[in-house]
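A short worksheet on the structure shown next.
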Number of protein chains: 2
Amino acid sequence: MTTTTCNGVDTAALFATLDAVRGQPSLARFQFRVANSWVSGTHNRAVISGFYGAGQEHLHEAPTTLEADHPAVLVGRDNAPTPAEYLLHALGACLMSGLGNIAAARGIELDEVTATIEGDIDLQGILGLNSEVRNGFEGIRVQFHVKGEAEAEKLADLVGQSRARSAVYDVVTNGVPVRIDVATM
Amino acid sequence: MTTTTCNGVDTAALFATLDAVRGQPSLARFQFRVANSWVSGTHNRAVISGFYGAGQEHLHEAPTTLEADHPAVLVGRDNAPTPAEYLLHALGACLMSGLGNIAAARGIELDEVTATIEGDIDLQGILGLNSEVRNGFEGIRVQFHVKGEAEAEKLADLVGQSRARSAVYDVVTNGVPVRIDVATM
């Protein structure tokens with residue numbers, strides 16, 4: 001029996017999944033969901049549990065609870081990371097997960113991969129003090145360090161290919177339509 | 001002594017912060033940061049600890065560790081939420097934190113606020129199976145339920161104003177430049 005695992009990725013299963021979706025594209029339709037509840041002030045708590053994909057409903061192995069808050073310097077209670085930091089985490093994690101898959105698909109053994117994600121923001125925007133300043137980050141920088149069993153160019157190309165296939169990178173750089181509805185009680 | 005807390009927000013401190021930034025706009029410059037490390041396959045772990053803002057370095061009350069992974073149906077090990085779910089959480093949390101602040105600033109007592117955030121995605125994009133399909137979400141829907149001590153129109157307007165001043169909503173709908181650098185070892 002041949003082992004098909006590389007860097008913790010079952011590459012045979014990965015290629016079988018690609019073949020399955022190629023044969024039945026509707027399997028690629030996914031819906032991800034988060035349920036958020038206000039706690040107090042800027043503090044809120046979200047649960048991530050179920051999602052739809054590959055033609056059926058799924059539950060994660062375990063639900064995850066994520067809190068968010070503003071820091072004290074922004075008049076919050078600092079119970080948890082800020083929403084803006086979660087956005088940076090989503091971007092870094094998406095690039096890192098993709099890199100793991102791509103390295104495995106290419107048979108490149110990884111030794112150590114780290115990434116720092118930094119976002120600069122001028123809060124005059126969200127504070128409503130300067131209409132010339134946007135609400136969001138002005139720019140985000142990601143610095144990868146990749147150590148693995150391949151020449152430098154091939155290691156660097158893992159990051160390039162991950163960026164080219166990253167869901168969160170696409171959303172964060174190109175934007176996506178967001179519809180917001182409100183029901184009052 | 002007059003109490004200045006509404007919904008857990010110290011509104012006197014909130015208005016004092018606005019005045020301070022109005023007087024010295026450089027205080028509004030913030031930088032948020034995340035440090036991510038690859039674990040195995042699509043599994044990775046990030047730490048959120050320090051940030052810069054209001055003219056100095058800060059540490060959160062406690063560092064937060066966030067894991068991410070792909071689910072089994074996507075050949076991951078489902079150790080944690082997906083990066084795409086963290087993005088939805090960032091959006092929902094930002095709108096919710098903003099709503100908490102705005103309600104307090106307007107003196108509207110909140111009883112209960114919830115939001116569900118859903119994102120639809122066709123994975124043919126990130127799987128590289130259809131060049132017509134984008135990598136990211138096609139669209140995101142947010143459904144708020146707001147219960148509070150004000151008429152329906154004023155409660156609904158809290159969500160509208162939060163959207164108008166949301167950092168993450170701005171990034172997710174309009175996009176932001178992302179620079180990625182790689183160092184190999």
Side-chain angles (χ1 to χ4, degrees), chain A residues 8-9 13-14 28 32-34 36-38 40-42 44 48 54 61 68 75 78 81 83 85-90 92-94 96-97 100 113 115 117-118 123-124 126 135-137 139-142 144 147 152 155-156 159 165 167 170-171 174-180 182-185, chain B residues 8-9 13-14 28 32 34 36 38 40-42 44 46 48 61 64 68 73 75 78 81 83 85-90 92-94 96-97 100 113-115 117-118 123-124 126 135-137 139-142 144 147 152 155-156 159 165 167 170-171 174-180 182 184-185:
Chain A
V9 174
L14 180 60
F32 292 108
R33 304 163 188 148
V34 177
N36 189 301
S37 298
W38 177 69
S40 176
T42 52
N44 52 79
I48 295 174
E61 285 285 324
V75 206
D78 203 12
E85 289 166 315
Y86 278 107
L87 179 85
L88 299 179
H89 169 58
C94 195
M96 191 64 87
S97 291
V113 190
I117 307 96
E118 297 178 341
L123 297 185
Q124 290 183 88
I126 64 171
N135 291 324
F137 288 115
I140 297 174
R141 288 177 307 284
V142 183
F144 267 92
K147 188 176 176 188
L155 295 177
V159 176
R165 291 286 176 231
D170 173 20
V171 168
N174 296 315
V176 62
V178 176
R179 171 179 166 166
I180 303 179
V182 189
T184 56
M185 294 176 279
Chain B
V9 174
L14 181 59
F32 292 109
V34 177
N36 189 300
W38 177 70
S40 177
T42 51
N44 52 78
I48 295 173
E61 283 286 323
T64 298
V73 66
V75 206
D78 202 11
E85 289 165 317
Y86 277 108
L87 178 86
L88 298 180
H89 169 58
C94 196
M96 191 64 87
S97 292
V113 190
T114 60
I117 307 97
E118 298 178 341
L123 297 185
Q124 289 183 89
I126 65 171
N135 291 324
F137 289 115
I140 296 174
R141 288 177 306 287
V142 183
F144 267 92
K147 188 175 176 188
L155 294 177
V159 176
R165 292 284 176 233
D170 173 22
V171 168
N174 296 315
V176 62
V178 176
R179 172 180 166 165
I180 303 179
V182 189
T184 56
M185 295 174 280

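Nothing here was measured: the structure is a model prediction, and the numbers come from that model. Reminder, nothing fancy here: chain letters follow the sequence lines and each chain counts from 1.
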What option among A:Ser37, A:Ala115, A:Gly139 has the most heavy-atom pairs under 4.5 Å with chain B? A:Ala115
B:Ile48, part contacting chain A, at a heavy-atom distance under 4.5 Å: side chain
Rounded to the nearest 0.5 Å, what separation is found between the OG1 atom of B:Thr184 and the NZ atom of A:Lys147? 11.5 Å
Closest-packed option against chain A by number of heavy-atom pairs under 4.5 Å, given B:Val182, B:Ile126, B:Asn174, B:Val176: B:Val176
side-chain contact (heavy atoms from CB on, under 4.5 Å) partners of B:Ala68, counting only residues at least two apart: A:His89, A:Ala93, B:Asn44, B:Pro83, B:Tyr86
Separation between CZ of B:Phe32 and CD1 of A:Ile140, rounded to the nearest 0.5 Å: 12.0 Å
Looking only at A:Val178, A:Leu88, A:Val159, the option with the highest number of non-hydrogen pairs under 4.5 Å against chain B is A:Val178
Look only at the side chain of B:Asp170 and the backbone of A:Asn135, and say whether a donor-acceptor pair between them is shorter than 3.5 Å. yes
Which residues pass the side chain to side chain donor-acceptor pair (under 3.5 Å) test with A:Asp78, sequence neighbours left out? B:His60
Side-chain heavy atoms of A:Leu87 within contact of B:Leu87, under 4.5 Å: yes
Give the member of B:Ala167, B:Gly136, B:Ala28 that has the highest number of heavy-atom pairs under 4.5 Å with chain A. B:Ala28
Check for a donor-acceptor pair, side chain of A:Thr42 on one end and backbone N or O of B:Ser97 on the other, with a separation under 3.5 Å. no
Shorter than 4.5 Å, heavy atoms on both sides: which option in B:Ala46, B:Ala13, B:Pro81 has the most such pairs with chain A? B:Pro81
Given the options B:Val75, B:Val34, B:Leu14, B:Val73, which has more heavy-atom pairs under 4.5 Å with chain A than any of the others? B:Val34
Looking at chain B, which one of A:Leu155, A:Ile117, A:Val9 has the largest number of heavy-atom pairs inside 4.5 Å, strictly under? A:Ile117
Out of A:Gly92, A:Gly100, A:Pro177, which one racks up the most heavy-atom pairs below 4.5 Å with chain B? A:Pro177
Considering only heavy atoms and a distance below 4.5 Å, find which of B:Gln124, B:Arg141, B:Arg179, B:Arg165 pairs most often with chain A. B:Arg165
